[in-house]
2 protein chains.
Amino acid sequence: MEPTDVQHSECLSILRPVRDALDVLNGKWKLPIIVALTFGEKRFGEIAKEVHGITDRMLSKELRDLEVNGLVKRTIHDTYPVKVTYELTPHSKSLGEVIESLRKWGTLHRKNIMQHS
Amino acid sequence: MEPTDVQHSECLSILRPVRDALDVLNGKWKLPIIVALTFGEKRFGEIAKEVHGITDRMLSKELRDLEVNGLVKRTIHDTYPVKVTYELTPHSKSLGEVIESLRKWGTLHRKNIMQHS
DNA sequence: TATAGTACTATACCATAGTATAGCGCTATA
DNA sequence: TATAGCGCTATACTATGGTATAGTACTATA
C-alpha cells in the first residue's frame with residue numbers, strides 16, 4: 001500500500017461517526033423539535049404548536065426517533081388525566097458545539113455562494 | 001413577547017445556516033467523493049473506482065451538486081483525447097472543522113448508545 | 001348530551017433519493 | 001475490424017421521507 005492509500009482508508013474510517021452524527025440531525029423536523037424543547041419540558045400538543053407545519057404523525061415519529069437516540073426523555077405523569085411530557089437529555093446538550101460549528105460554516109458558505117453567482 | 005419567545009425565535013433563525021450546511025453534506029455519496037478528492041485532482045473514472053458502489057449516474061449528479069456549491073472545481077483539459085478532472089476548492093477545505101466536530105460528537109454518541117442499551 | 005382537548009395511530013398518497021441497466025460519441029489499441 | 005476505455009446521459013424502477021386526512025379512547029367543560 002502506498003502512503004496515500006493509508007491516509008485514504010483512515011479518512012474513510014472517520015466517515016462512520018460523521019455519518020452517525022448527520023443521521024441523528026437529519027430530516028426536516030429534528031432540529032426544530034430540539035429547539036422547541038430547549039427552554040424546558042413540553043407536552044405533545046405544545047410542541048406541535050411551536051413547530052409550525054408539522055403533522056401529529058411526524059411529531060410522534062420524530063419524538064420516538066429522538067428518544068431512541070437518547071436525545072429526548074419521555075415522561076408519563078401519573079395524574080388524571082394522564083400527562084405526557086418531553087424534555088432534552090444531558091446528552092443532547094452536547095450537540096451545542098456541533099450545531100455552532102454547522103452554523104458558522106453555513107454562514108460562511110452562504111457568503112461564498114453569493115459572491116460567486 | 002416574553003423573554004423565552006425572543007430566545008426561541010433567535011434559535012429558529014440560527015437554524016437556517018445550520019440547514020444549509022447539513023444540506024451540502026447530505027446524501028449517501030457527498031462525503032466519500034470529497035474524501036476521494038482529498039489527495040489531489042482525479043478523473044471521473046478514478047473517482048468512480050475509489051467510491052465503491054456508486055453508479056455513474058450518481059457520481060455525475062453529485063459532482064455537479066458539489067460544483068454548484070463551490071466545493072469542487074471541474075476542469076476540461078484541452079488535449080486529445082479530452083481529459084476531465086475534478087479537484088477540491090479552497091472553500092471545501094474549510095469543511096475540515098465541521099467534519100471534525102461531527103466526528104467527535106458521532107463517536108461520543110455511539111458510546112452513549114452502547115451504554116444505554 | 002354535545003363539544004372540545006389530549007396524545008396519539010391508521011391509511012393512503014406523493015415526491016425525492018437512490019439503484020439498475022443500457023447506450024452514446026469519441027479515441028486508442030490489438 | 002473489433003474491443004476497450006473515456007465521460008458521461010436516458011430510462012425505468014424501488015425505497016424512503018414526508019404529507020393529508022381521518023379516527024380512537026379517554027377526560028373535562030358547557
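Rounding to whole angstrom units, NZ of residue B:K83 and P of D:dG5 are separated by 18 Å. Whole-Å rounding puts the A:I47 CD1 to C:dT6 P distance at 13 Å. Nucleotide D:dT16 holds its P atom 16 Å from the CG atom of B:N26, rounded to whole Å. Atom C1' of nucleotide C:dC8 and atom CD of A:E62 are separated by 15 Å, given to the nearest angstrom. Taking atom CG of B:D56 as the reference point, atom P of C:dA20 lies 13 Å away to the nearest angstrom. One interatomic measurement links the two molecules: CG of B:D65 to C1' of D:dC8, which rounds to 16 Å at whole-angstrom precision. Going from atom CZ of B:F44 over to atom P of D:dT9 covers 8 Å, rounded to whole Å. One interatomic measurement links the two molecules: CG of B:L59 to P of D:dC6, which rounds to 13 Å at whole-angstrom precision.
Linking Ile, Leu, Val, Met, Phe, Trp and Tyr whenever their side-chain heavy atoms come within less than 4.5 Å puts A:I14 and A:L12 in one cluster. If you chain together hydrophobic residues whose side chains sit under 4.5 Å apart, B:L108 and A:L102 fall into the same group.
Nearest nucleotide to the A:V84 side chain, out of C:dG18, C:dA7, D:dT9: C:dA7. Distance from the side chain of A:R43 is smallest to C:dT6 among D:dG18, C:dG18, C:dT6. Listed candidates were D:dA28, C:dA20, D:dC8. Nearest to the side chain of B:R74 is D:dC8. Considering only the side chain of A:W29, D:dG18 comes nearest among D:dT9, C:dT19, D:dG18.
Within 3.5 Å, no donor on the side chain of B:R57 pairs with an acceptor on the base of D:dT9, nor the reverse.
Contact annotation: B:Y80 side-chain N/O to D:dC6 OP1/OP2 distance is not under 4.0 Å. The shortest distance between the side-chain N/O atoms of B:K61 and the OP1/OP2 oxygens of C:dA17 is not below 4.0 Å. Look at A:S60 and you'll find a side-chain N or O under 4.0 angstrom from OP1 or OP2 of C:dT9.
Remark: the backbone N or O of B:R57 is not paired with any side-chain donor or acceptor of B:K61 at under 3.5 angstrom. Put simply, the side chain of A:T89 gets close to the backbone of A:G70: a donor and an acceptor are under 3.5 Å apart.
B:R103 has a carboxylate O that lies under 4.0 Å from a charged side-chain N of B:E100, or vice versa, which qualifies the two as a salt bridge.
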